[in-house]
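Right, one structure below, let's go through it.
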Amino acid sequence: EQAVSTGAAFATRAVHAGHAPDPQTGAHVQPIYATSTFSYGTAERGARLFAGEESGYFYSRLSNPTVRAFEEKVASLEGAADAVAFGSGMGAASAIALTFLKSGDEVAFMGPLYGGTEGLLRGILGRFGVTVHDAADLNDLKRVVNEKTRLVWLESPTNPTLRVVDLNAAADIAHAVGALVVVDNTFSTPYLTRPLELGADLVMHSATKYLSGHGDVIAGVVAANADLSAELRLHGLRHVGSVLGPFEAHLLLRGMKTLPLRMEAHCAGAHALAEVVKDHPAVQAIHYPGLPQHPGHDLAARQMNGKFGGLVSLDLGTQEAAWRFLNALKLFTQAVSLGDVESLSSHPASTTHQLLGEETLARQGVTPGLVRLSVGIEDAADLIGDVRQALEAGG
Ligand SMILES: C/C=C(/N=C/c1c(COP(=O)(O)O)cnc(C)c1O)C(=O)O
């Protein structure tokens, strides 16, 4: 049983949900069950387990006690009935796609999405007869969805332009045609946004990012109701098999215990940084939902519980200016990924979103001058100082 009731506050469940002292040994931290298989004792019990007539562990591709603790913690924080862990965010995304889509179905999304996700939808699924629509806004979304639309796929804020999507409104449009709503909650985390409360059916994460928080694990997870989770586990794990290991689950369990504290620090640092650099002459545009001039500011204030995340994107005008700036940073590490306690910086058009191609990049606002800053939990004055000196160097 869980050490803490579901009624406890978020920060209490971040620490305790998903595990209790081990009943056999009293171990206070969830043990790492480094085992691929489990003895089930008798042939009769084995048959019952495989028939789903009895619950229990029998093979770690399907479930493992350490991984299960991670799934239960995610389900608790997202307010979901259940969650299914995968070996990466793209493992989670591909499990969703392969579980719920078939040839002839359609998918609508409001871009940009993470480059890998768009590559999955347009590239792989396109070869299997799935039609994909990139809707420019809610009106366009309403226009493109139809009776063949099976999934509406959303991020908010979006990677990398930090556009804020009205999840509730998009969910209403999707449900009007009977589509399922997938929200990739990687950038917000459940500390800021709980998409299931806004109408989403499936909430996925690249747990590599803020959920882990320490840049030491690649992982994915999907939270949903019991039926959708059961389908995901059956098809997504049993048949597709992007599995999370118990060592990674242990790192995630440890990282998630400080999620609230880390998100407060990320948001404070990003907000302070955005306020300072927004008026710098080298900055042609700044994308941060916490700034009043951000087109989605009021929506973000409602949808993200008054915080605005740890990502800030700046447009410095040209790729040359962007690269000069990035090369001049000293405290921000030039690396892809985000949500680590260490600050990271990248140039999406030539890295994480490069595969989208010129036309899509231009349409989705991923400009050649765009740099993405994942603001860590270092001292905000140090981070601001680093960005300012790099803007001077790059200017
Ligand atoms: C290098 C990776 C980046 N992102 C990844 C990512 C994934 C995919 O997640 P795995 O990388 O498979 O855990 C899914 N969903 C979102 C919103 C993401 O940002 C990056 O942008 O820097």
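We count ligands from 1, going down the list as the structure has it; atoms in each ligand are counted the same way. Starting from 1, each residue takes its place in the sequence as its number.
Rounding to the nearest 0.5 angstrom, the gap separating the CG atom in L49 from the OG atom in S55 is 8.0 Å.
For ligand 1, the atoms sitting less than 4.0 Å from at least one non-hydrogen atom of T186 are 15 (N), 16 (C), 17 (C), numbered in the order shown with element in parentheses. Listed by number with element, the atoms of ligand 1 under 4.0 angstrom from any heavy atom of A219 are 13 (O). Remark: ligand 1 atoms within the under-4.0 Å shell around heavy atoms of V336 are 1 (C), 22 (O). Residue-ligand proximity, E155 to ligand 1, at heavy-atom distances under 4.0 Å covers atoms 17 (C). Of all the atoms in ligand 1, the ones that sit under 4.0 Å from a non-hydrogen atom of S88 are 12 (O), 13 (O). Below 4.0 Å from some heavy atom of T208 lie the following atoms of ligand 1, by number and element: 13 (O). The R372 neighbourhood of ligand 1 comprises atoms 20 (C), 21 (O), 22 (O), with distances under 4.0 Å to a heavy atom of that residue.
Side chains of N185 and R194: no donor on one and acceptor on the other come within 3.5 Å. There is no side-chain donor-acceptor pair under 3.5 Å between Y40 and E54. Side chains of T186 and E155: no donor on one and acceptor on the other come within 3.5 Å.
Residue contacts with ligand 1, taken as heavy atom pairs separated by less than 4.0 Å, involve L338 solely via side-chain atoms from C-beta onward.
From the protein, the heavy atom lying nearest to atom 10 (P) of ligand 1 is G89 N, 3.4 Å. The nearest protein atom to atom 19 (O) of ligand 1, hydrogens excluded, is given as N159 ND2, 3.0 Å; this is a heavy-atom distance. Distance from atom 11 (O) of ligand 1 to its nearest protein heavy atom, with residue and atom name: K209 NZ, 3.5 Å. Of the protein's heavy atoms, D184 OD2, 3.4 Å lies nearest to atom 16 (C) of ligand 1.
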Intermediate values then yes/no, side-chain hydrogen bond (donor to acceptor under 3.5 Å, both in side chains), H205 and E78: CA-CA 11 Å; H205 287 268; E78 287 285 3; 2.6 Å; yes
ring-ring contact (aromatic ring centres under 6.0 Å, His included) evaluation trace for F38 with Y59: CA-CA 6 Å; F38 298 77; Y59 189 55; 8.8 Å; no
ring-ring contact (aromatic ring centres under 6.0 Å, His included) between H297 and F308, worked out: CA-CA 9 Å; H297 177 68; F308 301 96; 5.3 Å; yes
Stepwise side-chain contact (heavy atoms from CB on, under 4.5 Å) test for S63 and V67: CA-CA 7 Å; S63 62; V67 176; over 6 Å; no
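Considering backbone and side-chain N/O atoms, M90 comes within less than 3.5 Å of an N/O atom of ligand 1. When only interatomic distances are considered, the shortest N/O to N/O separation between T352 and ligand 1 does not fall below 3.5 Å. Here's the thing with S337: one of its N/O atoms is less than 3.5 angstrom from an N/O atom of ligand 1. Remark: ligand 1 and Y114 share no N or O pair separated by less than 3.5 Å (distance only, no angle test).
In plain terms, the two heavy atoms of L244 and E248 that are nearest each other are CD1-CB, 3.6 Å.
The local environment of CZ in R254 is sparse, with at most 12 non-hydrogen atoms from other residues, nucleotides or ligands closer than 6.0 Å.
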